[in-house]
Number of protein chains: 2
Amino acid sequence: MRTRPLKVALLGCGVVGSEVARIMTTHADDLTARIGAPVELVGVAVRQPSKVRAGIDPALITTDATALVKRGDVDVVIEVIGGIEPARALITAAFEHGASVVSANKALLAEDGAALHAAAEEHGRDLYYEAAVAGAIPLVRPLRESLAGDKVNRVLGIVNGTTNFILDKMDSSGAGYSEALDEATALGYAEADPTADVEGFDAAAKAAILAGIAFHTRVRIGDVHREGLTEVTAADIASAKRMGCTVKLLAICERAADGRSVTARVHPAMIPLTHPLASVREAYNAVFVEAEAAGQLMFYGPGAGGSPTASAVLGDLVAVCRNKLSGTTGPGESAYTRLPVSPMGEVVTRYHISLDVADKPGVLAQVATVFAEHDVSIDTVRQSGKDGEASLVVVTHRAPDAALSGTVEALRKLDTVRGVASIMRVEGE
Amino acid sequence: MRTRPLKVALLGCGVVGSEVARIMTTHADDLTARIGAPVELVGVAVRQPSKVRAGIDPALITTDATALVKRGDVDVVIEVIGGIEPARALITAAFEHGASVVSANKALLAEDGAALHAAAEEHGRDLYYEAAVAGAIPLVRPLRESLAGDKVNRVLGIVNGTTNFILDKMDSSGAGYSEALDEATALGYAEADPTADVEGFDAAAKAAILAGIAFHTRVRIGDVHREGLTEVTAADIASAKRMGCTVKLLAICERAADGRSVTARVHPAMIPLTHPLASVREAYNAVFVEAEAAGQLMFYGPGAGGSPTASAVLGDLVAVCRNKLSGTTGPGESAYTRLPVSPMGEVVTRYHISLDVADKPGVLAQVATVFAEHDVSIDTVRQSGKDGEASLVVVTHRAPDAALSGTVEALRKLDTVRGVASIMRVEGE
């Protein structure tokens, strides 16, 4: 056992950072035994130095993050600031000045992961980021390492707790979106500005990271088709129930059937109640992974929060410290397949379309003709109507997204179609 | 990229071994890219050399496993023979002659894991065994690495597919144990001699391995309290349903409340239908992990079968080969806590006891007195009776197993208690 400690610098001391610092102190003996050497916190970079931070030696606090990562004697930098800058510059400087990096920064990794991996490799450092995807749930390591001998074909998951909480409330209480969002905000599940969650940006960043690792290629957040849940209505949820489904905001990464491209997308979708993801409640996360040999695996747990995210950060810290001690680095970026990311139009899935139509004979025939003209095959149709108003709910077989878009565009032009009330994809069957 | 291949010897070419060999051939390019060097199968040790093995070069087949592991130029030995000997001798010889080992051998690891780890360490080799626990489900790596910065307090899982299939059938069809076992056998889920599965030996081996890794201590199969499911009746399942529960054969590894010891056990137990493990159907496996910072995590997937187990073996193969190339080894045994394993009597849990009693006044008072005398607090009692026969179902609060055993012994001595129909623990609340 080495007695000279490994030096750790912490960038950010909010909900996650303070938990990391706390556990490093309270569980120092365990960390020492598992790493094979003690770890010492040598600096904590913060924006507000005057804030009292229980359990952290005030002498460690600094506002000069750049100086901290450039000390030259730091073994590992833990970055839990989030956002693109200054995180990117600090991580790059850390690599240049001798440190490996553990990050929880999904936005940065989804935006610029390739450059960061290249910088890490250039300087012979590790870049680990289990905490960037689904909090404490081990996903990056299982995909990168446990499934390294397998071929992943699909990743399907609930990777944003806020939106799952909102949809779960809508499903269980019949509430509308605004009402459920208010409850999520009141309970601390949604931030004051919920945009990143409800518009799907957070989930899209995670989808990009997962798709890149799963398919050994490069996927950036801009490659991910993204739809939030702000337009999901109580009527959609009720309609899903009638089909034996529920609505979830899903991140879906797929290898195309011909194996020559991949897709990554985030959008609300109906999934059958019998699917294990359907029973993921409140703010929990869960990710389904389908691999050629392994079959279907699911990983479930708390997707956010200070302690769970700190658990993932510290697991990475142990691994990176062990690598440092043995003079090696762990698996870096694996992007050798260079598979392109196809646009959303090429995604093949099923659709649930709800139409407001005129209540007169021949409407169904007209609508069915439009579907047929676009090569979208209909699975079921449910017609209901009263007082001159009628609605048609069409569920299709699998078809390319572009064909469905073309169908909907044509439907809107029919005199007998008064409106397209909703379009939702059907997944997990 | 290195072009000289890493040499791999395969011991055993049954359901798992043949899948490993097949995937090594069909996915050779992927493995090369992920490892950083090609891997070459240099020998396959089998018992029946005459058997035709599609896709395997007959020149690689040998019956002399010992000579194969002693060649001296083998980088990695994959052991999928199972059982204690000759697997133990072969793995030890492999370490001595320069090879790291990937094994799927739960029985051997649960019996003698410490000695094997010591041999690996002595010779500077890796010993990886993700495939030994729950097939393709990543568990060993997440516990060893992802949660290396956390403190695991509890592992609760369904780790045997055969028994889960049987209990699922009993639950869904009302069938008795024998009938459900017959169906499992007919469908290939149970072996001709189902002892290892139905008596809980298989699950106990996995519990020992999981407990050792989770608590950083040594747990052998002999330390695991084991009860099979042969005595579970249709009446038990029906009784569980009335309580809003189902019956599962669980492997449970716990850290004692005072943190000074651990327990490991396998037995049938009632769990609430709302618990995620309750919805694990057919032959699937799932493991709940409760850690201090991470909270509750669940890992779900196929727990057995050729392809899923091969996926786990190949993930380990990639890791071990990468370690070889960088001249290092991965995490070895971590048993620094040296926590003792407490006997079953010290396990604290809840109980569901079904008694056949005389249908006369005062019986409940007598029974309740016995519970009180043994400090076992009663949660609920359900009394039912007709035609002079009566039954009492008692559900207790948490109590030590020894206290419950004492209670049951005393109950058997009461004149008014005609029999103890069943005793089952209640978990997952």
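We use all heavy atoms of the structure for the numbers below, so side chains are in, but hydrogens, waters and symmetry mates are not. Please read all numbers here as calculations on a predicted model, not as lab measurements. Throughout, protein chains are lettered first and strands after them, A, B, ... in sequence-line order, and every chain is numbered starting at 1.
For A:Ser279, no part lies under 4.5 angstrom from a heavy atom of chain B. If you measure heavy-atom distances from A:Ile137 to chain B, the contacts under 4.5 Å come from both the backbone and the side chain. Both the backbone and the side chain of A:Phe299 come within less than 4.5 Å of a heavy atom in chain B.
Options B:Gly330, B:Ser326, B:Ser334, B:Pro302 differ in how many heavy-atom pairs under 4.5 Å they form with chain A, and the most are formed by B:Pro302. Of the listed residues (A:Gly327, A:Ala294, A:Ala136), the greatest number of heavy-atom pairs within a distance under 4.5 Å of chain B belongs to A:Ala294. Among the candidates B:Val280, B:Asp30, B:Asp29, the residue making the largest number of heavy-atom pairs closer than 4.5 Å to chain A is B:Asp30. Counting heavy-atom pairs closer than 4.5 Å to chain A, the top-ranked of the candidates B:Gly301, B:Gly315, B:Ser146 is B:Ser146. Contact count against chain B (heavy-atom pairs under 4.5 Å) is highest for A:His216 among A:Glu19, A:Met24, A:His216.
Summarising the geometry, atom NZ belonging to A:Lys151 is positioned 9.0 Å from atom OG1 belonging to B:Thr26; distances are rounded to the nearest 0.5 Å. A distance of 11.0 Å separates CG of A:Asn285 from CG of B:Leu297, quoted to the nearest 0.5 Å. Remark: A:Asp150 CG to B:Ile23 CD1 distance equals 6.5 Å, nearest 0.5 Å.
The nearest pair of heavy atoms linking B:Arg34 to A:Tyr336 is NE-OH, 2.9 Å.
Contacts of A:Tyr129 classified as ring pair (Phe, Tyr, Trp, His ring centres under 6.0 Å), with partners at least two apart in sequence or in another chain: A:His117.
Using a 4.5 Å cut-off between non-hydrogen atoms, the part of residues 306-313 of chain B that approaches chain A consists of B:Ser307, B:Pro308, B:Ser311.
Considering only heavy atoms from C-beta on, A:Pro331 comes within 4.5 Å of B:Arg322 through its side chain.
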